[in-house]
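Reviewing the structure listed below.
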Amino acid sequence: MITGKFITFEGGEGAGKSTQARLLAERLRAAGHHVVETREPGGTKRGEEIREFLLSGAAKDFGPMGEAVLFCAARDHHVKELIRPALTRGDWVVCDRFSDSTAAYQGAAGGVKPALIRALERVSVADTVPDLTLILDVPPEAGLRRAAERNGEGDIAPDRFEGMDLRFHEALRACFLQIAEQAPQRCVVIDAQQAEAAVAEDVWEAVVDRLNP
Ligand code: TYD
């Protein structure tokens, strides 16, 4: 039986998801919970290998459909090996990106048909639907600027999707907002243009309100 709670962070590039996921995990631990922090693509050894393949751009020739299948292969493994066992133990799982990212990046922005995205989701997610999804919303121009600054500090090249044009990133944002509108019981949209501490407060408020940690 599942007794843990599953929280995902979603949003476009440079929205601060990774930082907020870490801050939330710390706060949940301080409240006495066991927390598993993870990310997609990745989370397992095999998943991290698929991540490297996808984000380096090596899989680009497969096209959005082939990439969607690869993201879902990694997700299937992640759910079975890490997420479901943790939730069964009663842990809280905080995941940086999950299946809404496939709907946005490969679906809405990449052009893979919704029916196919749904079919892949049925296979890889099944009933391991997040209890709460925090959508960090930021205008694409601001997010891409932040992502570029972060890459500059670490001398990192933009990954496969950061390098896409503005229209792609606008389609992502619209898709995440639409998902939130269609699944209000699962999703909360957070204004990620605010300062980091203010975003963290909104995140915490949503978690307290929805999941009573
Ligand atoms: P990540 O490091 O999470 O990016 P960021 O820190 O910029 O949010 O890298 C994941 C990248 O993979 C990101 O560009 C989104 C993309 N992605 C998909 O295209 N589909 C998916 O299903 C997932 C999980 C991620």
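All ligand and atom numbering here is 1-based and tracks the order in the structure. Throughout, residue positions are numbered sequentially from 1 according to the sequence presented.
Taking every non-hydrogen atom of T102 and a distance limit under 4.0 Å, the qualifying atoms of ligand 1 come out as 21 (C), 22 (O). Those atoms of ligand 1 with a heavy atom of Q106 less than 4.0 angstrom away are 18 (C), 19 (O), 20 (N), 21 (C), 22 (O).
Scanning all protein heavy atoms for the shortest distance to atom 7 (O) of ligand 1 gives E13 OE1, 2.5 Å. What sits closest to atom 11 (C) of ligand 1 on the protein, heavy atoms only, is L55 CD2, 3.6 Å. When only non-hydrogen protein atoms are considered, atom 6 (O) of ligand 1 lies nearest to R150 NH1, 3.6 Å. In terms of protein heavy atoms, atom 16 (C) of ligand 1 is closest to F161 CD1, 3.7 Å. Looking at atom 18 (C) of ligand 1, its nearest protein heavy atom turns out to be F71 CZ, 3.1 Å. Here the heavy atom of the protein found nearest to atom 3 (O) of ligand 1 is R97 NE, 3.3 Å.
Residue-environment remark: CZ (R46) stays at or below the threshold of 12 foreign heavy atoms within 6.0 Å.
No N or O atom of S18 sits closer than 3.5 Å to an N or O atom of ligand 1. Note: no N/O pair closer than 3.5 Å links D96 and ligand 1 by distance alone.
A distance of 9.0 Å separates CD of E67 from CG of D61, quoted to the nearest 0.5 Å.
Atom 1 (P) of ligand 1 has its nearest heavy-atom neighbour, among R51, H169, R39, R146, in R51.
With respect to the salt-bridge test (charged N to carboxylate O, under 4.0 angstrom), the residues E81 and K45 do not qualify.
Residue contact annotation: A147 has no non-hydrogen atom under 4.0 Å from ligand 1.
Contacts of S99 classified as side-chain hydrogen bond (donor to acceptor under 3.5 Å, both in side chains), with partners at least two apart in sequence or in another chain: none.
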